[in-house]
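Everything below concerns the one structure shown next.
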Amino acid sequence: MNLHEYQGKEILNSFGVEIQRGIVATTPKEAVEAAKKLTEETGTGWHVIKAQVHAGGRGKGGGVKLAKNIKEVEDISSNIIGMDLVTPQTSAEGKRVHQVLVAEDVYYPGDSEPEEYYISVLLNRSTGRNMIMYSTEGGMDIETVAEETPHLIFTEEIDPAVGLLGFQARRVAFNLGLSGKAFKEMTKFITALYKAYNESDASLFEINPVLKTSDDKIIAVDAKVSIDDNSLFRHSNYEQMRDKREENPVEVEAKEKGLNYVDLDGNVGCMVNGAGLAMATMDLIKQAGGEPANFLDVGGTADAERVEAAFKLILKDPSVKAILINIFGGIVRCDRVAQGVIDAYKNMGTIHVPIIVRLQGTNADIAKKLIDDSGLDVQSAIEFQEAADKVKAVLS
Ligand code: GDP
Ligand code: MN
């Protein structure tokens with residue numbers, strides 16, 4: 001589950017990570033009140049208005065702007081709230097902005113120049129360890145840094161059983177070229193950031209930029225946070241942070257119906273029971289010359305109701321040119337599933353794309369007969385290859 005910047009910062013703050021302070025607003029009026037309140041609390045004269053959408057690169061797209069007085073806070077936030085923000089990470093239509101974060105300006109002048117760093121904590125799947133990835137080249141695309149100047153990206157691997165050790169936090173501060181007060185602040189920052197990542201069951205905390213202010217404070221200016229969905233049962237306060245407006249609407253609906261659905265770009269919709277079989281089915285579709293339009297695991301209980309819900313989800317995608325249903329009947333008997341397909345089909349009236357059903361396992365032969373005799377425009381198959389050939393035939 002991805003979070004908004006302001007939510008990520010709330011979590012950081014709760015673990016003692018220093019952040020650029022801000023207040024979220026959904027209208028220009030609220031933004032003005034937020035700005036006044038921030039000035040009282042922090043003494044800031046200037047404010048940054050930041051679009052809250054699940055996409056990076058907001059600055060480049062015009063979604064982060066500096067306001068030097070209250071009038072500008074009002075004008076900028078009325079421009080940003082309601083806009084479709086296009087960034088290098090969104091589609092061409094962009095993302096609708098429903099709210100802005102009104103934040104204190106932290107790039108104020110002082111004894112030293114402000115410096116921007118990149119710091120993230122994530123899981124290194126190949127070593128099974130957590131990893132702090134960091135660079136002196138903050139504030140810009142880390143992908144570009146990785147491509148053009150990979151030697152400027154450092155990593156620190158952390159054994160999850162031991163946790164982050166003091167010398168590791170100091171090495172990060174050292175490699176970032178810090179000394180004196182900023183060095184100390186950075187080791188505190190890293191320690192608290194790692195704790196936040198670990199205890200919130202996150203899969204990613206990406207802070208770009210981390211700012212060294214002109215008076216040597218280290219603070220998080222941005223926050224991109226992903227929480228592991230499988231851990232949400234023990235973080236009800238984070239679960240409440242889910243913003244469904246930011247998620248794929250079909251995927252949200254699938255989740256509500258208890259279906260595992262991932263939207264993809266292809267032309268063959270698939271309905272399968274079991275994640276492994278679903279992966280194999282997607283390979284099969286590719287071999288037959290198609291592209292899967294989705295991943296869909298209907299789970300163990302493929303009854304008529306679930307089959308119908310799955311049909312409806314698949315058919316919401318206009319690029320679907322064929323549907324392949326591939327069910328292995330183990331605990332669920334194939335004839336039950338076949339009846340489910342037939343019932344769902346009848347309930348839905350006409351379906352305008354060819355459907356190929358492959359049922360294998362317990363009562364597969366009875367299931368095939370049920371489908372063949374149903375009089376519906378559904379083709380049945382028992383063997384994997386047979387199903388693939390039928391997909392190929394309907395696509396060509
Ligand atoms: P992103 O573009 O989506 O990654 O959004 P960020 O939160 O990283 O903000 C983009 C840029 O806005 C940062 O890299 C900063 O250069 C700038 N910015 C953020 N906060 C402030 C601020 O308080 N004052 C000024 N002057 N610039 C800021
Ligand atoms: Mn950023």
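Atoms within each ligand, like the ligands themselves, are counted from 1 in listed order.
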Protein heavy-atom partner closest to atom 1 (P) of ligand 1 - residue, atom, separation in Å: R58 N, 3.6 Å

Looking at R171 and E156, is there a salt bridge between them, counting it only when a charged N and a carboxylate O are closer than 4.0 Å? yes

When you check the gap from the basic side-chain N to the acidic O, do E247 and K244 get nearer than 4.0 Å? no

With heavy atoms only and a cut-off of under 4.0 Å, state how V64 meets ligand 1: side chain, backbone, both or neither. side chain

For E116, is the nearest heavy atom under 4.0 Å from an atom of ligand 1? yes

Tell me whether E386 is salt-bridged to R358, with the criterion being a basic N under 4.0 Å from an acidic carboxylate O. no

On the 0 to 90° scale, with breaks at 30° and 60°, tag the Y6-H4 ring pair as parallel, tilted or perpendicular. parallel

What closest approach, in Å, do K50 and V221 show between heavy atoms, and which atom pair accounts for it? NZ-O, 2.9 Å

E104 near ligand 1, heavy-atom distance under 4.0 Å? yes

Closer than 4.0 Å: a protein non-hydrogen atom to atom 11 (C) of ligand 1: no

When you compare ligand 1 with E5, is there at least one nitrogen or oxygen pair between them that comes in under 3.5 angstrom? no

Tally every protein N/O/S atom whose distance to the Mn ion (ligand 2) is less than 2.8 Å; waters are neither shown nor counted. 2

Plane angle bin for F311 and Y345 - parallel if under 30°, tilted between 30 and 60°, otherwise perpendicular: perpendicular

Report yes if some N/O of K60 lies less than 3.5 Å from some N/O of ligand 1; otherwise report no. no

Could you tell me whether E41 and R21 make a salt bridge, using a distance below 4.0 angstrom between a side-chain N and a carboxylate O? no

Polar atom proximity, G59 to ligand 1 (N or O, under 3.5 Å): yes

State whether a side-chain donor-acceptor pair under 3.5 Å links S380 with K368. yes

Looking only at protein heavy atoms, which one is nearest to atom 28 (C) of ligand 1, and how far off is it? Y107 CE1, 3.5 Å

Testing the basics here: between P354 and K321, what is the closest heavy-atom pair and its distance to 0.1 Å? CD-O, 3.3 Å

Can you list every side-chain hydrogen bond (donor to acceptor under 3.5 Å, both in side chains) pair that touches residues 275-286, not counting sequence neighbours? T281-N326, K286-E291

Within reach of ligand 1, part of N208 (heavy-atom separation under 4.0 Å): backbone

Would you say V106 has any N or O atom under 3.5 Å from an N or O of ligand 1, going by distance alone? yes

Strictly by modelled atom types, are T149 and E137 linked by a side-chain donor-acceptor pair under 3.5 Å? no

Heavy-atom contacts with G56 under 4.0 Å: which atoms of ligand 1 show up? List them by number with element. 3 (O)

Any ion pair linking K316 and D263 (charged N to carboxylate O, less than 4.0 Å)? no

Part of D105 within contact of ligand 1 (heavy atoms, under 4.0 Å): both

